Structure formats: structure tokens, C-alpha cells
Amino acid sequence: MTVSTNKHHIIEIFSADCHLCKHIVDDIQIGKCEGCNQIVYNINNVTDKIKSKMRDYGVKAVPTIIIDGKIKVVSIPDFPWICNEELYKKLKSEYPLE
């Protein structure tokens, strides 16, 4: 039996439910590990909670992906989404949430 050493992550996706956004949501759903939690916020049905998160994260375009409140990827990722610590280290270095 192999024990996973991956840390589980919270992946928040801000989407307009368009074709491009759906594609990104599906790619992440397929590539994330079982323990990671994917949350999709549809900005077409914006709530006070979504507005607050968008303000806190500085979301100005969709799709925007926020990971653990520390990483921010805007638009189409230019890398394959395969959940592992190497990916998250790269993202933390190249896409820090500022």
C-alpha cells in the first residue's frame, strides 16, 4: 500500500461558466488529488461572499484560480494540472498571491 505524502489543498476557481472556464474547471477536477477541495464560484450568480472573496484576492478576470489563499493563477494555465508537491512549489514561486 502506498501512502500519499501530498498535502491537501483548497482550490478556489472564479468562473463565468463559459466554455473556457468550464474547460479549466474540468482540467483541475481531473488532475487534482482526491484530498484536494475544489470550490467553483460562478460570478454570474454573485453573492456577498463571492464579492468579498473577489475583493480579498483581487480577482478582476475569469478564470482565476486561488490555491490555499497564497497562489493566484489568472486565465488559462500554461502547465498540465497534475496534483503533486512539485507543482505547488512551482506555482507558489511563479504565481504568488500579491
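Since we're looking at a predicted model, the values are computed, not measured. This chain uses plain numbering: 1 for the first residue, then up along the sequence.
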Does some side-chain heavy atom of [Y] sit less than 4.5 Å from a side-chain heavy atom of [X]?
{"X": "I11", "Y": "W81", "answer": "yes"}
{"X": "L20", "Y": "I76", "answer": "yes"}
{"X": "Y88", "Y": "C83", "answer": "yes"}
{"X": "H8", "Y": "N37", "answer": "no"}
{"X": "L91", "Y": "I67", "answer": "yes"}
{"X": "S52", "Y": "K49", "answer": "no"}
{"X": "I65", "Y": "I24", "answer": "yes"}
{"X": "K22", "Y": "S15", "answer": "no"}

Would you find a donor on one side and an acceptor on the other, under 3.5 Å apart, between the side chain of [X] and the backbone of [Y]?
{"X": "K72", "Y": "G58", "answer": "yes"}
{"X": "D68", "Y": "K70", "answer": "no"}
{"X": "E12", "Y": "I66", "answer": "no"}

Would you say V40 ends up clustered with I10 if hydrophobic residues are merged whenever their side chains have heavy atoms under 4.5 Å apart, either directly or through other cluster members?
no

Are Y95 and I13 linked, directly or through other ILVMFWY residues, by side chains that come within less than 4.5 angstrom of each other?
yes

When rounded to the nearest 0.5 angstrom, what is the spacing between [atom1] in [X] and [atom2] in [Y]?
{"X": "H23", "Y": "D26", "atom1": "NE2", "atom2": "CG", "result": "8.0 Å"}
{"X": "D27", "Y": "K32", "atom1": "CG", "atom2": "NZ", "result": "13.5 Å"}
{"X": "N42", "Y": "N45", "atom1": "CG", "atom2": "CG", "result": "4.5 Å"}
{"X": "K51", "Y": "I43", "atom1": "NZ", "atom2": "CD1", "result": "12.0 Å"}

Kindly indicate, with the supporting measurements, whether the criterion side chain to side chain contact (heavy atoms under 4.5 Å, CB included) is fulfilled by Q38 and V25.
CA-CA 9 Å; Q38 177 176 319; V25 168; 3.3 Å; yes

Using side chain to side chain contact (heavy atoms under 4.5 Å, CB included), reason through Y41 and M54 one step at a time and then give a plain yes or no.
CA-CA 10 Å; Y41 300 111; M54 289 177 72; over 6 Å; no

Counterpart residues, salt bridge (Lys or Arg N to Asp or Glu O under 4.0 Å), relative to E94 (two or more places apart):
K90

Side chain to side chain contact (heavy atoms under 4.5 Å, CB included) evaluation trace for F79 with L87:
CA-CA 9 Å; F79 49 84; L87 172 66; 3.8 Å; yes

When you look at CD1 of I39, are more than 12 heavy atoms from neighbouring residues, nucleotides or ligands closer to it than 6.0 Å?
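Enclosed: over 12 neighbouring heavy atoms sit under 6.0 Å from CD1 of I39.
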
Non-hydrogen atoms of C21 and D17 that approach each other most closely:
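Smallest heavy-atom distance, with atoms named: CB-N, 4.1 Å.
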
Does a donor on one side chain sit under 3.5 Å from an acceptor on the other, for H9 and E85?
yes

So L97 and Y57, side chain to side chain contact (heavy atoms under 4.5 Å, CB included) or not? Walk me through it.
CA-CA 7 Å; L97 178 65; Y57 294 143; 3.7 Å; yes

